[in-house]
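Below, chains carry the letters A, B, ... as their sequence lines are ordered, and counting in each starts from 1.
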Protein chains: 2
Amino acid sequence: MFNHMVEETEEVDRVFQALSNRTRRGMVRQLAGGECTVGDLARPTRMSFAAASKHVQVLERAGMVNRRVEGRQHICSLRPEPLREASEWLGYYEKFWSESLDRLARVLEEDMEESK
Amino acid sequence: MFNHMVEETEEVDRVFQALSNRTRRGMVRQLAGGECTVGDLARPTRMSFAAASKHVQVLERAGMVNRRVEGRQHICSLRPEPLREASEWLGYYEKFWSESLDRLARVLEEDMEESK
DNA sequence: CGATCGTTCAACCAATCGGTTGACAAATGA
DNA sequence: TCATTTGTCAACCGATTGGTTGAACGATCG
């Protein structure tokens, strides 16, 4: 599936960090169903509006959410690209769980060769 | 590829949280090449031994690393299962970036139906 | 106009993070 | 036996997290 190494950027840091919170993963789930306002995202949680707003900002800074202001509402939508990158990072290790260990070791050695 | 929803457990929290740090991702990368001691993992970083030890513990608590004590060395190996789970979580959204948006919405609606 | 809605912001709080240092312990090597 | 290696643990530090409350602000409704 994915075979190349994903760069270790701060964006990758922020994406995994954003995903490390269950509330935010719930928001991603909700956003995958379509655009929502910040209020829509706050409602299913039991947090204050302000807290939900902060979570949205975390997702935004990770590049996973786009916001568009319409009247008094802020409408959020999912930007899948960072999710895809995180998935690629993990995909690099797919060989680890789908092939035998010594086979993986060989694959990694080849990568070392390439990077010389 | 992956189609089912991954449960939102604390383990998922811990795995993403563990992956949100670049040093730890480096350790995962190194461990994918084969077993190493804690010292081996500390060496490429410029941190103290104690710091590296803490990172290994984070990976352990996330279920991503196994440890076996041999003499004075602690030998670590990668446990791919949690990586796989994280990958599945992300895989659920693969449809998001590989299909059109309205098509995804329909898929999600089907999921809603199923869960009734 | 004034009230209310949707939202952010600033300040604060306790808990966690990522690192340090220093003390300690067990295994190994001289 | 004594020194060294390989690690852990506890204490501490400043920065970040995830939440709260209260004030503010622009849009909308009556």
Per nearest nucleotide of DNA chain D, the residue lying toward the 5' end, A:Ala50 or B:Val38, is B:Val38

- Check whether any side-chain N or O of B:Gln17 sits under 4.0 Å from OP1 or OP2 of C:dC17, and answer yes or no. yes

OP1 or OP2 of D:dG19 sitting under 4.0 Å from any side-chain N/O of A:His55? yes

Is it the case that more than 12 heavy atoms not belonging to A:Arg68 sit under 6.0 Å from its CZ atom?
yes

Under 4.0 Å between a side-chain N/O of A:Ser48 and OP1 or OP2 of D:dT20, yes or no? yes

State whether B:Arg24 places a side-chain N or O below 4.0 Å from either non-bridging phosphate oxygen (OP1 or OP2) of C:dG18. yes

Look at the side-chain N and O atoms of B:His74 and state whether any lies under 4.0 Å from the OP1 or OP2 oxygen of D:dT8. yes

Rounded to whole Å, CE of B:Met27 lies from C1' of C:dG19 at a distance of 12 Å

Between A:Lys54 and A:Ile75, the residue closer to the 5' end of DNA chain C by nearest nucleotide is A:Ile75

Rounded to the nearest 0.5 angstrom, the CG-CG distance for B:Leu19 and B:Leu59 is 8.0 Å

Give a yes or no on whether a donor-acceptor pair under 3.5 Å exists between the nucleobase atoms of D:dT5, that is its base, and the side chain of B:Arg72. yes

*asked:* Does a side-chain N or O of A:Asn21 approach OP1 or OP2 of D:dG18 to a distance below 4.0 Å, or not?
replied: yes

Nearest-nucleotide check on DNA chain D, B:Gln73 vs A:Glu70; residue mapping nearer the 5' end is B:Gln73

